[in-house]
Trainee: 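Quick one: the structure is below, and I'll ask about it shortly.
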Number of protein chains: 2
Amino acid sequence: MYSFTEENYLKAIYKLQEQSDVSINTNAIALSIQTKAASVTDMIKKLSDKKLLKYEKYKGVELTKEGKRVALETVRKHRLWETFLHSKLNFTWDAVHDVAEQLEHIQSAELIDKLDEFLGFPTHDPHGDPIPGRNGEIQQSNFILLSEFKVGEKGIISGVVNHSSLFLKHLEKNQLTLGRKIKITEASAFDLSMQIVLDDKNTQQLSHEVARNILVKKTK
Amino acid sequence: MYSFTEENYLKAIYKLQEQSDVSINTNAIALSIQTKAASVTDMIKKLSDKKLLKYEKYKGVELTKEGKRVALETVRKHRLWETFLHSKLNFTWDAVHDVAEQLEHIQSAELIDKLDEFLGFPTHDPHGDPIPGRNGEIQQSNFILLSEFKVGEKGIISGVVNHSSLFLKHLEKNQLTLGRKIKITEASAFDLSMQIVLDDKNTQQLSHEVARNILVKKTK
DNA sequence: AATAATTTTTAGACAAGTCTAAATTATTTT
DNA sequence: AAAATAATTTAGACTTGTCTAAAAATTATT
Ligand SMILES: [Mn+2]
Ligand SMILES: [Mn+2]
Ligand SMILES: [Mn+2]
Ligand SMILES: [Mn+2]
């Protein structure tokens, strides 16, 4: 249907749009997709011709309904594959993304439906990101940044903001993985670091930099 | 490493070489890969420059060691994916090939090793074809054409010669699937058709056309 | 409002892969 | 051995996607 490259552009634009909500400019796309602004302009024209986005010279772009549909489908495929790699093939959560970047472009509706079923219709990927449904429905999760938590509050680690391999490996090493129960025991007004207890036993000190990249589902 | 297209050419040449053993000519490749002879000549030159095959103008091609290595790796990936699709995702055996044609080009050694392990190191794909090992070792199977069997002989259905969807669906419908026990009860000298018994109960009449496309492992 | 700085687009080129039509080379037939 | 036929290669063009350098438009600064 749509090419490897087209899917990547649409996905990148979708993610930028998700964050900022205004129309997306050329440089932002170039940065996110690791290419040059001139290449982006070229591709944008083609996608506009195909009615996948609305483009006005010098004004940036906005996805059409169909463009958004393709983007969401690609995100769905990406996250389902990440889930497969992690939960079935035992890839670590920092290794799944690169392979999923390739797998997300395999063209087969049957494959994705069957993979979804095989995985038990997961709702979130190994990083806690929601997996869009067949029709692009994406369930809004009420996760809160750990850095927003107050002393005494509790929750379950449910996602990450930073997806870099370096950060994910750091979390893994400190057992700060999805599903872990976490409770804030101290918070420093000076450097915004926190003391936490994991699963009611393991006490740790977290820097603000770490805390502001962890998403937690609040519990009582 | 090597592109989608390069892998496809190498795989196609490998399969032709496997069958005929002489050097492979342009038209045969064009036919097998569904392209034009002129395109084949272009690509052959590139593969020759990269030392993946030996090419003499007007004389055909032969894979080098490295060319064969890449071909076998691609075959390995293809057959492992087919096995995954069939045994884990419940694809029918006539539907796996097309999707595997895409999946075989995913670049990740870790992925293939882990998939292999996840599948329990299978030795044969859903069509009975052997799966090359990590180092390209391919185990020679001693399957015999059903059409060669004599009355009274027994065996286990273990593979197919014809891989077309039409043929595979026909076999499926008649329960002539891999692993089934089969015994020849009659053979017609006139049209070479056979009467067989499946799993000691189901009696069927098979045309020569069907029998000569089924591979059976002989048992006593 | 004019100038400077930044962003975006255009112009022109390149790589991979494919194609048609024409030219070569090899093989078969006479 | 020449002529006819078949196979293969070359020439030149096209598509997708990318890039650099230069031009044009927009935004920020004075
Ligand atoms: Mn990812
Ligand atoms: Mn993810
Ligand atoms: Mn196949
Ligand atoms: Mn197969």
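In what follows, chains are A, B, ... by sequence order, proteins preceding strands, each numbered from 1. Below, each value reflects all heavy atoms present in this structure, side chains not excepted, and no hydrogens, waters or symmetry copies.
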Trainee: Rounded to whole angstroms, how far apart are NZ on B:Lys45 and P on D:dT9?
Mentor: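 Rounding to the nearest Å, NZ of B:Lys45 and P of D:dT9 are 8 Å apart.
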Trainee: Looking at A:Asn25, I'd like to know whether one of its side-chain N or O atoms comes within less than 4.0 Å of OP1 or OP2 on C:dT7.
Mentor: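 No, outside the criterion.
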Trainee: If pairs are Watson-Crick or G-U with both distances under 3.5 Å, what is the dot-bracket string of DNA chain D, marking crossing pairs with [ ] and pairs to another strand with |?
Mentor: ||||||||||||||||||||||||||||||
Trainee: Report yes if the distance between the aromatic ring centroids of A:Phe4 and B:Phe4 is under 6.0 Å, otherwise no.
Mentor: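 No, too far apart.
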Trainee: Just by protein heavy atoms under 4.0 Å, how would nucleotides 12-28 of chain D read 5' to 3' in B, S and -?
Mentor: -----BBBB---BSS--
Trainee: In whole angstrom, give the distance that lies between atom CG of B:Leu47 and atom C1' of C:dA16.
Mentor: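 Between C1' of C:dA16 and CG of B:Leu47: 12 Å.
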Trainee: Which class fits the ring pair B:Phe143 and B:His124: parallel under 30°, tilted 30 to 60°, perpendicular over 60°?
Mentor: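 Plane angle between 30° and 60°, so tilted.
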Trainee: To the nearest Å, give me how far apart CD1 (A:Ile24) and P (C:dT8) are.
Mentor: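 Roughly 11 Å, once rounded to whole Å.
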Trainee: Using the ring of A:Phe91 (Phe, Tyr or Trp, six-membered ring only), decide whether B:Lys114 places NZ or CZ under 6.0 Å from its centre and within 45 degrees of its axis.
Mentor: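 Yes.
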Trainee: Does C:dA16 have its OP1 or OP2 closer than 4.0 Å to a side-chain nitrogen or oxygen of B:Tyr2?
Mentor: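 No, because none of the side-chain N or O atoms of B:Tyr2 sits under 4.0 Å from OP1 or OP2 of C:dA16.
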Trainee: Does B:Lys218 make a cation-pi contact with B:Phe149, if we ask for NZ or CZ under 6.0 Å from the ring centre and within 45° of the axis?
Mentor: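 Yes, a cation-pi geometry.
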Trainee: NA contact type, B:Thr41, heavy-atom cut-off 4.0 Å: base, sugar-phosphate, or nothing?
Mentor: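 It contacts base atoms.
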Trainee: Answer yes if the side chains of A:His105 and A:Asn8 hold a donor-acceptor pair under 3.5 Å, and no otherwise.
Mentor: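 The answer is yes; a qualifying pair exists.
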Trainee: Considering just the side-chain nitrogens and oxygens of A:Asn27, establish if one lies under 4.0 Å of OP1 or OP2 belonging to C:dT6.
Mentor: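 A:Asn27 to C:dT6 OP1/OP2: no side-chain N or O under 4.0 Å.
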Trainee: Without placing hydrogens or testing angles, list every side-chain donor-acceptor pair under 3.5 Å for residues 40-55 of chain A, not counting sequence neighbours.
Mentor:
residue	atom	partner	partner atom	Å
A:Thr41	OG1	A:Ala37	O	3.2
A:Lys50	NZ	A:Glu6	OE2	2.5

Trainee: Would the distance check show the side chain of B:Thr5 and the main-chain N or O of B:Ser3 forming a donor-acceptor pair, the cut-off being under 3.5 Å?
Mentor: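 No, B:Thr5 side chain to B:Ser3 backbone: no donor-acceptor pair under 3.5 Å.
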Trainee: Hey, can you tell me if B:Phe84 and B:Trp81 have their rings parallel, tilted or perpendicular (30° and 60° cut-offs)?
Mentor: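 Geometry flag for B:Trp81 against B:Phe84: perpendicular rings.
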